[in-house]
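Below is one structure, written out as C-alpha coordinates, with a few remarks after it.
Atoms within each ligand, like the ligands themselves, are counted from 1 in listed order.
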Amino acid sequence: MNNFNFYSPTYFVFGKERENETGKYVSRFGGKKVLIHYGSGSVVRSGLLDRVKKSLQEASIEFCELGGVVPNPRSGLVYKGVEICKCEKVDFILAVGGGSVIDSAKAIALGAVYDGDFWDFYNGKRVEKALPVATILTLTAAGSEGSTGSVITHENGMLKRAANSDLLRPVFSILNPELTCSLPAYQTACGATDMMAHVMERYFTNTKNVEITDRLCEGILLTVINETPKVLADPNNYDARANLMWAGMVAHNDICGVGREQDWSSHNLEHELSGLYDVAHGAGLAVMFPAWMKYVMNNDVNRFAQFAVRVWGCEMDFQNPENTARKGIEKYEQFMTSIGMPIRFSQLGAKAEDIPALIKTLALGSNTMGSFVKLTEDDCRKIYELAV
Ligand code: NZQ
Ligand code: ZN
(Lines give C-alpha, C1' and ligand atoms only; values in the text may rest on other atoms or scores of the structure.)
(Ligands and ions follow the chains in the order given, each with its own letter.)
Protein backbone atom coordinates (compact mmCIF):
# COMPACT_ATOMS: atom_id res chain seq x y z
CA MET A 1 0.00 0.00 0.00
CA ASN A 2 1.26 3.53 -0.79
CA ASN A 3 1.62 6.33 1.75
CA PHE A 4 -1.38 8.63 1.90
CA ASN A 5 -3.06 11.57 3.62
CA PHE A 6 -6.82 11.47 4.01
CA TYR A 7 -8.80 14.48 5.19
CA SER A 8 -12.55 14.22 4.79
CA PRO A 9 -14.14 16.75 7.13
CA THR A 10 -17.71 16.78 5.76
CA TYR A 11 -20.38 16.44 8.47
CA PHE A 12 -23.16 14.13 7.26
CA VAL A 13 -26.77 14.49 8.34
CA PHE A 14 -28.56 11.38 7.09
CA GLY A 15 -32.18 10.25 7.12
CA LYS A 16 -35.84 11.13 6.77
CA GLU A 17 -36.86 14.80 6.91
CA ARG A 18 -33.38 15.95 7.91
CA GLU A 19 -33.57 18.89 5.46
CA ASN A 20 -35.81 20.59 8.03
CA GLU A 21 -32.67 21.05 10.16
CA THR A 22 -30.84 23.04 7.48
CA GLY A 23 -30.95 26.35 9.38
CA LYS A 24 -29.42 24.81 12.49
CA TYR A 25 -26.48 23.41 10.54
CA VAL A 26 -25.86 26.54 8.47
CA SER A 27 -25.65 28.42 11.77
CA ARG A 28 -23.35 25.83 13.30
CA PHE A 29 -20.98 26.13 10.34
CA GLY A 30 -20.92 29.91 10.48
CA GLY A 31 -23.21 30.93 7.59
CA LYS A 32 -24.79 34.39 7.97
CA LYS A 33 -25.70 35.30 4.40
CA VAL A 34 -26.47 32.31 2.22
CA LEU A 35 -26.75 31.82 -1.54
CA ILE A 36 -29.21 28.98 -2.20
CA HIS A 37 -28.23 27.40 -5.50
CA TYR A 38 -30.47 24.93 -7.36
CA GLY A 39 -31.29 23.41 -10.73
CA SER A 40 -34.00 23.63 -13.35
CA GLY A 41 -37.04 23.13 -11.15
CA SER A 42 -37.24 19.68 -9.51
CA VAL A 43 -36.66 21.18 -6.03
CA VAL A 44 -39.32 23.84 -6.66
CA ARG A 45 -41.90 21.28 -7.81
CA SER A 46 -41.20 18.90 -4.92
CA GLY A 47 -41.58 21.66 -2.32
CA LEU A 48 -38.04 21.02 -1.04
CA LEU A 49 -36.89 24.57 -1.75
CA ASP A 50 -39.73 26.00 0.35
CA ARG A 51 -38.91 23.69 3.27
CA VAL A 52 -35.26 24.72 3.11
CA LYS A 53 -36.12 28.44 3.06
CA LYS A 54 -38.48 27.97 6.01
CA SER A 55 -35.73 26.28 7.98
CA LEU A 56 -33.32 29.15 7.23
CA GLN A 57 -35.95 31.73 8.22
CA GLU A 58 -36.58 29.92 11.50
CA ALA A 59 -32.86 30.17 12.24
CA SER A 60 -32.90 33.90 11.26
CA ILE A 61 -30.44 33.35 8.44
CA GLU A 62 -30.53 35.77 5.50
CA PHE A 63 -30.46 34.30 2.01
CA CYS A 64 -30.63 35.06 -1.68
CA GLU A 65 -31.11 32.48 -4.42
CA LEU A 66 -29.94 31.45 -7.85
CA GLY A 67 -31.63 28.62 -9.75
CA GLY A 68 -31.17 27.39 -13.30
CA VAL A 69 -28.23 24.97 -13.10
CA VAL A 70 -28.42 22.51 -16.01
CA PRO A 71 -26.90 19.00 -16.17
CA ASN A 72 -23.25 19.30 -17.21
CA PRO A 73 -23.25 22.72 -15.51
CA ARG A 74 -22.06 25.73 -17.49
CA SER A 75 -19.66 28.56 -16.77
CA GLY A 76 -22.24 31.29 -17.53
CA LEU A 77 -24.30 30.69 -14.41
CA VAL A 78 -21.13 30.39 -12.33
CA TYR A 79 -20.08 33.92 -13.39
CA LYS A 80 -23.56 35.13 -12.44
CA GLY A 81 -23.33 33.42 -9.03
CA VAL A 82 -19.90 34.91 -8.36
CA GLU A 83 -21.25 38.38 -9.09
CA ILE A 84 -24.21 37.87 -6.75
CA CYS A 85 -21.92 36.65 -3.96
CA LYS A 86 -19.65 39.67 -4.32
CA CYS A 87 -22.52 42.20 -4.48
CA GLU A 88 -24.59 40.66 -1.70
CA LYS A 89 -21.64 39.80 0.55
CA VAL A 90 -22.62 36.13 0.64
CA ASP A 91 -20.50 34.07 3.04
CA PHE A 92 -21.98 30.57 2.58
CA ILE A 93 -23.30 28.58 -0.40
CA LEU A 94 -26.06 26.02 -0.04
CA ALA A 95 -26.47 23.65 -2.99
CA VAL A 96 -29.89 21.98 -3.20
CA GLY A 97 -29.89 19.34 -5.93
CA GLY A 98 -27.72 16.78 -7.72
CA GLY A 99 -24.06 16.73 -8.68
CA SER A 100 -24.41 19.51 -11.26
CA VAL A 101 -25.86 21.94 -8.71
CA ILE A 102 -23.21 21.03 -6.14
CA ASP A 103 -20.39 21.41 -8.69
CA SER A 104 -21.73 24.78 -9.81
CA ALA A 105 -21.93 25.85 -6.14
CA LYS A 106 -18.30 24.80 -5.61
CA ALA A 107 -17.23 26.84 -8.66
CA ILE A 108 -19.07 29.90 -7.33
CA ALA A 109 -17.39 29.33 -3.96
CA LEU A 110 -14.01 29.54 -5.68
CA GLY A 111 -14.81 32.60 -7.77
CA ALA A 112 -16.43 34.54 -4.93
CA VAL A 113 -13.14 34.91 -3.05
CA TYR A 114 -10.85 35.33 -6.07
CA ASP A 115 -10.06 38.42 -8.09
CA GLY A 116 -9.35 36.56 -11.34
CA ASP A 117 -11.44 34.19 -13.48
CA PHE A 118 -12.80 31.16 -11.57
CA TRP A 119 -11.90 29.07 -14.67
CA ASP A 120 -8.20 29.34 -13.71
CA PHE A 121 -8.86 26.63 -11.11
CA TYR A 122 -10.23 24.36 -13.85
CA ASN A 123 -6.99 24.91 -15.76
CA GLY A 124 -4.91 23.59 -12.89
CA LYS A 125 -4.40 26.62 -10.61
CA ARG A 126 -4.02 25.51 -6.99
CA VAL A 127 -7.00 26.27 -4.77
CA GLU A 128 -6.12 28.27 -1.68
CA LYS A 129 -9.46 29.66 -0.61
CA ALA A 130 -13.17 29.05 -1.14
CA LEU A 131 -16.41 30.00 0.56
CA PRO A 132 -17.91 27.15 2.60
CA VAL A 133 -20.34 24.99 0.62
CA ALA A 134 -23.05 22.77 2.10
CA THR A 135 -25.35 20.44 0.21
CA ILE A 136 -28.84 18.98 0.33
CA LEU A 137 -28.55 16.07 -2.05
CA THR A 138 -31.44 15.01 -4.31
CA LEU A 139 -29.62 12.61 -6.65
CA THR A 140 -27.26 9.79 -5.74
CA ALA A 141 -24.54 9.67 -8.39
CA ALA A 142 -21.62 12.07 -8.65
CA GLY A 143 -20.53 11.85 -5.01
CA SER A 144 -19.88 15.59 -4.98
CA GLU A 145 -21.60 15.76 -1.56
CA GLY A 146 -18.41 14.35 -0.05
CA SER A 147 -15.80 14.78 -2.77
CA THR A 148 -13.00 17.21 -3.50
CA GLY A 149 -14.14 17.71 -7.09
CA SER A 150 -16.19 20.08 -9.20
CA VAL A 151 -16.74 19.60 -12.94
CA ILE A 152 -17.81 22.55 -15.10
CA THR A 153 -18.30 23.00 -18.84
CA HIS A 154 -17.01 26.28 -20.27
CA GLU A 155 -19.35 27.59 -22.94
CA ASN A 156 -16.38 28.90 -24.84
CA GLY A 157 -15.44 25.67 -26.66
CA MET A 158 -17.69 23.43 -24.49
CA LEU A 159 -14.63 22.28 -22.57
CA LYS A 160 -15.58 20.09 -19.60
CA ARG A 161 -12.91 20.31 -16.92
CA ALA A 162 -12.46 19.53 -13.20
CA ALA A 163 -11.03 21.38 -10.21
CA ASN A 164 -10.00 19.44 -7.11
CA SER A 165 -9.16 20.42 -3.56
CA ASP A 166 -9.90 19.37 0.01
CA LEU A 167 -11.21 22.94 0.37
CA LEU A 168 -14.03 21.94 -1.98
CA ARG A 169 -15.34 19.21 0.28
CA PRO A 170 -18.72 20.39 1.61
CA VAL A 171 -18.74 21.46 5.27
CA PHE A 172 -21.97 19.52 5.73
CA SER A 173 -24.24 17.44 3.53
CA ILE A 174 -27.82 16.52 4.25
CA LEU A 175 -28.70 13.13 2.78
CA ASN A 176 -32.39 12.23 2.94
CA PRO A 177 -33.01 9.14 0.78
CA GLU A 178 -36.71 10.07 0.48
CA LEU A 179 -35.69 13.03 -1.69
CA THR A 180 -34.38 10.61 -4.32
CA CYS A 181 -37.68 8.72 -4.71
CA SER A 182 -38.88 11.17 -7.37
CA LEU A 183 -35.94 10.40 -9.66
CA PRO A 184 -36.89 9.01 -13.07
CA ALA A 185 -35.63 5.44 -13.69
CA TYR A 186 -33.08 6.69 -16.25
CA GLN A 187 -31.48 9.15 -13.79
CA THR A 188 -31.42 6.46 -11.09
CA ALA A 189 -29.62 4.09 -13.46
CA CYS A 190 -27.18 6.80 -14.60
CA GLY A 191 -26.44 7.42 -10.93
CA ALA A 192 -25.77 3.75 -10.22
CA THR A 193 -23.43 3.62 -13.21
CA ASP A 194 -21.50 6.67 -12.04
CA MET A 195 -21.09 5.25 -8.52
CA MET A 196 -19.80 1.98 -9.92
CA ALA A 197 -17.42 3.87 -12.18
CA HIS A 198 -16.01 5.85 -9.23
CA VAL A 199 -15.18 2.57 -7.53
CA MET A 200 -13.77 0.92 -10.66
CA GLU A 201 -11.48 3.89 -11.43
CA ARG A 202 -9.86 3.02 -8.10
CA TYR A 203 -10.16 -0.76 -8.29
CA PHE A 204 -8.12 -1.21 -11.47
CA THR A 205 -4.71 -0.34 -10.08
CA ASN A 206 -1.12 -1.50 -10.32
CA THR A 207 -0.58 -1.03 -6.56
CA LYS A 208 -0.12 -4.38 -4.82
CA ASN A 209 -1.33 -5.52 -1.37
CA VAL A 210 -4.36 -3.27 -1.06
CA GLU A 211 -6.73 -5.86 0.37
CA ILE A 212 -8.69 -3.44 2.57
CA THR A 213 -9.51 -1.01 -0.23
CA ASP A 214 -10.11 -3.89 -2.70
CA ARG A 215 -12.69 -5.33 -0.31
CA LEU A 216 -14.31 -1.94 0.31
CA CYS A 217 -14.58 -1.43 -3.45
CA GLU A 218 -16.11 -4.88 -3.96
CA GLY A 219 -18.60 -4.28 -1.14
CA ILE A 220 -19.77 -1.01 -2.68
CA LEU A 221 -20.07 -2.57 -6.15
CA LEU A 222 -22.07 -5.52 -4.78
CA THR A 223 -24.38 -3.11 -2.95
CA VAL A 224 -25.06 -1.06 -6.08
CA ILE A 225 -25.62 -4.24 -8.12
CA ASN A 226 -28.12 -5.58 -5.54
CA GLU A 227 -29.97 -2.38 -4.66
CA THR A 228 -30.38 -0.73 -8.08
CA PRO A 229 -32.86 -3.29 -9.48
CA LYS A 230 -34.88 -2.91 -6.26
CA VAL A 231 -35.35 0.85 -6.70
CA LEU A 232 -36.06 0.46 -10.41
CA ALA A 233 -38.82 -2.03 -9.53
CA ASP A 234 -40.10 0.11 -6.65
CA PRO A 235 -38.94 3.75 -6.70
CA ASN A 236 -40.25 4.29 -3.16
CA ASN A 237 -38.17 1.50 -1.58
CA TYR A 238 -36.66 3.63 1.21
CA ASP A 239 -34.08 1.14 2.42
CA ALA A 240 -32.73 0.44 -1.04
CA ARG A 241 -32.61 4.21 -1.74
CA ALA A 242 -30.81 4.69 1.59
CA ASN A 243 -28.20 2.04 0.82
CA LEU A 244 -27.58 3.56 -2.60
CA MET A 245 -27.32 7.06 -1.16
CA TRP A 246 -24.55 6.11 1.23
CA ALA A 247 -22.90 3.92 -1.41
CA GLY A 248 -22.68 6.97 -3.69
CA MET A 249 -20.90 8.92 -0.99
CA VAL A 250 -18.36 6.24 0.01
CA ALA A 251 -17.75 5.46 -3.67
CA HIS A 252 -16.23 8.89 -4.18
CA ASN A 253 -15.04 10.51 -0.95
CA ASP A 254 -11.89 8.43 -1.54
CA ILE A 255 -12.08 6.14 1.47
CA CYS A 256 -11.81 3.22 -0.97
CA GLY A 257 -9.11 4.87 -3.08
CA VAL A 258 -6.45 5.83 -0.57
CA GLY A 259 -3.03 4.17 -0.69
CA ARG A 260 -3.41 3.00 -4.26
CA GLU A 261 -2.81 4.41 -7.74
CA GLN A 262 -6.08 5.40 -9.38
CA ASP A 263 -6.80 5.48 -13.08
CA TRP A 264 -9.57 7.94 -14.18
CA SER A 265 -9.08 7.46 -17.95
CA SER A 266 -12.68 6.32 -18.46
CA HIS A 267 -13.91 9.50 -16.77
CA ASN A 268 -11.68 11.67 -18.93
CA LEU A 269 -12.81 9.87 -22.08
CA GLU A 270 -16.43 10.28 -20.94
CA HIS A 271 -16.15 13.98 -20.16
CA GLU A 272 -15.46 14.58 -23.86
CA LEU A 273 -18.68 12.72 -24.74
CA SER A 274 -20.89 14.63 -22.31
CA GLY A 275 -19.10 17.87 -23.31
CA LEU A 276 -19.85 17.30 -27.02
CA TYR A 277 -23.29 15.66 -26.91
CA ASP A 278 -24.63 16.93 -23.55
CA VAL A 279 -25.54 13.35 -22.56
CA ALA A 280 -25.83 12.23 -18.93
CA HIS A 281 -22.40 11.53 -17.41
CA GLY A 282 -23.51 8.07 -16.15
CA ALA A 283 -24.76 7.03 -19.59
CA GLY A 284 -21.46 8.10 -21.16
CA LEU A 285 -19.56 6.04 -18.59
CA ALA A 286 -21.66 2.95 -19.37
CA VAL A 287 -20.35 3.24 -22.93
CA MET A 288 -16.72 4.12 -22.19
CA PHE A 289 -15.94 1.79 -19.29
CA PRO A 290 -16.34 -1.55 -21.10
CA ALA A 291 -14.33 -0.27 -24.07
CA TRP A 292 -11.53 0.82 -21.72
CA MET A 293 -11.65 -2.52 -19.86
CA LYS A 294 -11.33 -4.54 -23.07
CA TYR A 295 -8.39 -2.40 -24.20
CA VAL A 296 -6.37 -2.55 -20.96
CA MET A 297 -7.38 -5.96 -19.56
CA ASN A 298 -4.18 -7.75 -20.50
CA ASN A 299 -2.11 -5.36 -18.41
CA ASP A 300 -3.23 -7.40 -15.37
CA VAL A 301 -5.58 -10.14 -16.34
CA ASN A 302 -5.63 -11.55 -12.80
CA ARG A 303 -7.05 -8.32 -11.40
CA PHE A 304 -9.83 -8.45 -13.99
CA ALA A 305 -10.40 -12.13 -13.14
CA GLN A 306 -10.64 -11.18 -9.45
CA PHE A 307 -13.25 -8.55 -10.37
CA ALA A 308 -15.18 -11.22 -12.33
CA VAL A 309 -15.11 -13.75 -9.49
CA ARG A 310 -15.65 -11.52 -6.47
CA VAL A 311 -18.07 -8.98 -7.93
CA TRP A 312 -19.91 -10.93 -10.62
CA GLY A 313 -19.73 -14.44 -9.16
CA CYS A 314 -17.94 -15.91 -12.20
CA GLU A 315 -16.14 -19.28 -11.99
CA MET A 316 -12.35 -18.91 -12.03
CA ASP A 317 -10.76 -20.55 -15.08
CA PHE A 318 -7.29 -21.33 -13.66
CA GLN A 319 -6.04 -22.63 -17.02
CA ASN A 320 -6.99 -19.42 -18.75
CA PRO A 321 -7.76 -16.47 -16.44
CA GLU A 322 -8.33 -14.31 -19.54
CA ASN A 323 -11.61 -16.19 -20.10
CA THR A 324 -12.73 -15.30 -16.58
CA ALA A 325 -11.67 -11.67 -17.08
CA ARG A 326 -13.72 -11.45 -20.28
CA LYS A 327 -16.76 -12.95 -18.55
CA GLY A 328 -16.58 -10.22 -15.89
CA ILE A 329 -16.66 -7.51 -18.56
CA GLU A 330 -19.58 -9.28 -20.27
CA LYS A 331 -21.47 -9.43 -16.95
CA TYR A 332 -20.85 -5.72 -16.42
CA GLU A 333 -22.28 -4.98 -19.89
CA GLN A 334 -25.29 -7.24 -19.25
CA PHE A 335 -25.97 -5.46 -15.96
CA MET A 336 -25.79 -2.07 -17.67
CA THR A 337 -28.24 -3.23 -20.33
CA SER A 338 -30.57 -4.66 -17.66
CA ILE A 339 -30.85 -1.26 -15.94
CA GLY A 340 -31.49 0.55 -19.22
CA MET A 341 -28.05 2.01 -19.90
CA PRO A 342 -26.47 2.29 -23.35
CA ILE A 343 -23.21 0.38 -23.91
CA ARG A 344 -22.34 1.55 -27.44
CA PHE A 345 -21.95 4.90 -29.22
CA SER A 346 -25.10 4.45 -31.34
CA GLN A 347 -27.30 3.86 -28.26
CA LEU A 348 -25.98 7.08 -26.79
CA GLY A 349 -26.38 9.12 -29.97
CA ALA A 350 -22.60 9.44 -30.41
CA LYS A 351 -21.02 9.07 -33.86
CA ALA A 352 -17.84 7.37 -35.03
CA GLU A 353 -17.10 10.33 -37.33
CA ASP A 354 -16.84 12.60 -34.28
CA ILE A 355 -13.92 10.63 -32.81
CA PRO A 356 -11.32 13.09 -34.21
CA ALA A 357 -13.26 15.95 -32.53
CA LEU A 358 -13.31 14.04 -29.22
CA ILE A 359 -9.57 13.45 -29.48
CA LYS A 360 -9.03 17.13 -30.25
CA THR A 361 -10.86 18.39 -27.14
CA LEU A 362 -9.22 15.70 -25.02
CA ALA A 363 -6.07 17.67 -25.92
CA LEU A 364 -3.60 15.03 -24.77
CA GLY A 365 -0.96 15.94 -27.37
CA SER A 366 2.21 14.01 -26.62
CA ASN A 367 1.22 13.42 -22.97
CA THR A 368 -0.38 10.27 -21.58
CA MET A 369 -3.30 9.81 -19.21
CA GLY A 370 -4.32 7.17 -16.70
CA SER A 371 -2.13 4.99 -14.54
CA PHE A 372 -3.31 1.36 -14.86
CA VAL A 373 -2.17 1.73 -18.45
CA LYS A 374 -0.71 5.05 -19.55
CA LEU A 375 -2.74 5.90 -22.62
CA THR A 376 -1.45 7.87 -25.58
CA GLU A 377 -3.68 9.82 -27.94
CA ASP A 378 -3.61 6.84 -30.30
CA ASP A 379 -4.73 4.49 -27.50
CA CYS A 380 -7.62 6.84 -26.71
CA ARG A 381 -8.71 6.85 -30.36
CA LYS A 382 -8.70 3.03 -30.35
CA ILE A 383 -10.77 2.94 -27.15
CA TYR A 384 -13.36 5.29 -28.67
CA GLU A 385 -13.41 3.00 -31.72
CA LEU A 386 -14.02 -0.04 -29.49
CA ALA A 387 -17.07 1.78 -28.05
CA VAL A 388 -18.67 2.28 -31.49
O1 NZQ B 1 -32.17 20.52 -12.46
P2 NZQ B 1 -33.26 19.76 -11.80
O3 NZQ B 1 -34.61 20.27 -12.13
O4 NZQ B 1 -33.04 19.63 -10.30
O5 NZQ B 1 -33.26 18.26 -12.43
C6 NZQ B 1 -32.17 17.36 -12.29
C7 NZQ B 1 -31.43 17.15 -13.62
O8 NZQ B 1 -32.26 17.36 -14.72
C9 NZQ B 1 -32.74 16.00 -12.02
N10 NZQ B 1 -32.97 15.72 -10.60
C11 NZQ B 1 -32.10 15.86 -9.57
N12 NZQ B 1 -32.66 15.44 -8.43
C13 NZQ B 1 -33.91 15.03 -8.75
C14 NZQ B 1 -34.11 15.20 -10.13
N15 NZQ B 1 -35.27 14.88 -10.73
C16 NZQ B 1 -36.26 14.37 -9.97
N17 NZQ B 1 -36.13 14.15 -8.63
C18 NZQ B 1 -34.97 14.45 -8.00
N19 NZQ B 1 -34.84 14.18 -6.69
O20 NZQ B 1 -31.74 15.10 -12.49
C21 NZQ B 1 -31.09 15.67 -13.62
C22 NZQ B 1 -29.60 15.39 -13.54
O23 NZQ B 1 -29.01 16.07 -12.47
P24 NZQ B 1 -27.42 16.23 -12.34
O25 NZQ B 1 -27.14 17.01 -11.11
O26 NZQ B 1 -26.87 16.74 -13.63
O27 NZQ B 1 -26.91 14.72 -12.19
P28 NZQ B 1 -25.68 14.13 -11.41
O29 NZQ B 1 -25.87 14.18 -9.95
O30 NZQ B 1 -25.45 12.81 -12.03
O31 NZQ B 1 -24.45 15.10 -11.74
C32 NZQ B 1 -23.76 15.00 -12.96
C33 NZQ B 1 -22.60 15.97 -13.01
O34 NZQ B 1 -21.63 15.65 -12.00
C35 NZQ B 1 -20.33 15.59 -12.60
C36 NZQ B 1 -20.64 15.06 -13.97
O37 NZQ B 1 -19.59 15.23 -14.88
C38 NZQ B 1 -21.89 15.85 -14.35
O39 NZQ B 1 -21.53 17.12 -14.83
N40 NZQ B 1 -19.41 14.83 -11.76
C41 NZQ B 1 -18.98 15.40 -10.63
C42 NZQ B 1 -18.07 14.78 -9.78
C43 NZQ B 1 -17.60 15.44 -8.55
N44 NZQ B 1 -17.92 16.71 -8.34
O45 NZQ B 1 -16.89 14.86 -7.71
C46 NZQ B 1 -17.53 13.47 -10.09
C47 NZQ B 1 -18.28 12.75 -11.15
O48 NZQ B 1 -17.43 11.80 -11.71
C49 NZQ B 1 -18.87 13.58 -12.22
O50 NZQ B 1 -17.92 13.86 -13.23
ZN1 ZN C 1 -18.38 10.19 -12.33
### Summary
Within 4.0 Å of some non-hydrogen atom of His267, the atoms of ligand 1 are 48 (O)
### Summary
atom 11 (C) of ligand 1: of Asn268, Leu179, Thr138, the nearest heavy atom sits on Thr138
### Task
Would you mind checking which non-hydrogen protein atom is closest to atom 8 (O) of ligand 1, with the distance to 0.1 Å?
Pro71 CG, 3.7 Å
### Query
Relative to the ring of Phe335, is the ring of Trp312 parallel (under 30°), tilted (30 to 60°) or perpendicular (over 60°)?
tilted
### Query
In terms of ring plane angle, is the pair Tyr79 and His154 parallel, tilted or perpendicular, where the classes change at 30° and 60°?
perpendicular
### Task
Just need the protein heavy atom nearest to atom 24 (P) of ligand 1, so name the residue and atom and give the distance.
Ser100 OG, 3.4 Å
### Message
Give me the nearest non-hydrogen protein atom to atom 43 (C) of ligand 1 as residue plus atom name, then the distance to 0.1 Å.
### Response
Ser147 OG, 3.7 Å
### Message
Give me the residue, atom name and distance of the protein heavy atom closest to atom 37 (O) of ligand 1.
### Response
Lys160 NZ, 2.8 Å
### Task
Give the C-alpha distance, both sets of side-chain angles, the deciding distance and a yes or no for ring-ring contact (aromatic ring centres under 6.0 Å, His included) between Tyr114 and Phe121.
CA-CA 10 Å; Tyr114 180 59; Phe121 300 104; 4.6 Å; yes
### Query
What class does the angle between the rings of His252 and Trp264 fall in, given that below 30° is parallel, 30 to 60° is tilted and above 60° is perpendicular?
tilted
### Task
Describe, in one word, how the ring planes of Tyr122 and Phe118 are oriented to each other, choosing from parallel (under 30°), tilted (30 to 60°) and perpendicular (over 60°).
perpendicular
### Query
Got the closest protein heavy atom to atom 49 (C) of ligand 1, with its distance?
His281 NE2, 3.3 Å
### Message
So, taking the atom named CG in Asp115 and the one named CG in Asp120, what distance separates them when rounded to the nearest 0.5 Å?
### Response
11.0 Å
### Query
Going by the order shown, which atoms of ligand 1 are within less than 4.0 Å of some heavy atom of Pro73?
39 (O)
### Query
Tell me: protein heavy atom nearest atom 6 (C) of ligand 1, and distance?
Ser42 OG, 4.6 Å
### Message
Tell me whether Ser40 has any N or O atom under 3.5 angstrom from an N or O of ligand 1.
### Response
yes
### Task
From the options Leu139, Val96, Val44, Val101, select the one whose nearest heavy atom is closest to atom 9 (C) of ligand 1.
Leu139
### Task
Under the side-chain hydrogen bond (donor to acceptor under 3.5 Å, both in side chains) rule, what do Glu155 and Ser75 come out as? Steps first, then yes or no, please.
CA-CA 6 Å; Glu155 276 131 326; Ser75 52; 2.9 Å; yes
### Query
Tell me: protein heavy atom nearest atom 47 (C) of ligand 1, and distance?
His198 NE2, 3.3 Å
### Task
Flag this pair as yes if the NZ/CZ of Arg28 is under 6.0 angstrom from the six-membered ring centre of Tyr11 and inside a 45 degree cone about the axis; otherwise no.
yes
### Query
Counting heavy atoms only, which part of Asp103 comes closer than 4.0 Å to ligand 1: side chain, backbone, both or neither?
side chain
### Message
Rounded to the nearest 0.5 Å, what separates atom CE in Met336 from atom CE in Met341?
### Response
8.0 Å
### Task
Measure from the side-chain N and O atoms of Gln347 to the backbone N and O of Arg344, and report whether any donor-acceptor pair falls under 3.5 Å.
yes
### Query
Quick one: which ligand 1 atoms are inside 4.0 Å of a heavy atom on Asn72?
38 (C), 39 (O)
### Query
Quick one: nearest non-hydrogen protein atom to atom 14 (C) of ligand 1, plus distance?
Leu183 CD2, 3.6 Å
### Query
Just heavy atoms, cut-off under 4.0 Å: does Ala142 contact ligand 1 by side chain, backbone, both, or neither?
both
### Task
Could you establish whether Gly41 and ligand 1 come within less than 4.0 Å of each other, counting only heavy atoms on the residue side?
yes
### Task
Quick one: do Arg260 and Thr213 satisfy side-chain hydrogen bond (donor to acceptor under 3.5 Å, both in side chains)? Show the steps, please.
CA-CA 8 Å; Arg260 52 200 290 151; Thr213 40; 2.8 Å; yes
### Query
Do Phe92 and Phe63 have their ring centres less than 6.0 Å from each other?
no
### Task
Report, in ascending order of atom number, the atoms of ligand 1 lying under 4.0 Å from any heavy atom of Gly39.
1 (O)
### Query
Are any non-hydrogen side-chain atoms of Arg241 and Thr188 less than 4.5 angstrom apart?
yes
### Task
Identify, with sequence neighbours excluded, every residue that meets side-chain hydrogen bond (donor to acceptor under 3.5 Å, both in side chains) alongside Thr140.
none
### Task
Everything protein-side that's N, O or S and under 2.8 Å from the Zn ion (ligand 2): list it, residue and atom.
Asp194 OD1, His198 NE2, His267 NE2, His281 NE2
## Note on the structure
From the list Thr153, Asp278, Asp103, side chain to side chain donor-acceptor pair (under 3.5 Å) with Asn72 holds only for Asp278
### Task
Report, in ascending order of atom number, the atoms of ligand 1 lying under 4.0 Å from any heavy atom of Gly99.
25 (O), 28 (P), 29 (O), 31 (O)
### Close-contact set for ligand 1 against Gln187 heavy atoms, below 4.0 Å
20 (O), 21 (C), 22 (C)
### Query
Between Asp378 and Thr376, does a side-chain hydrogen bond (donor to acceptor under 3.5 Å, both in side chains) hold up when you go through it step by step?
CA-CA 5 Å; Asp378 193 45; Thr376 62; 5.3 Å; no
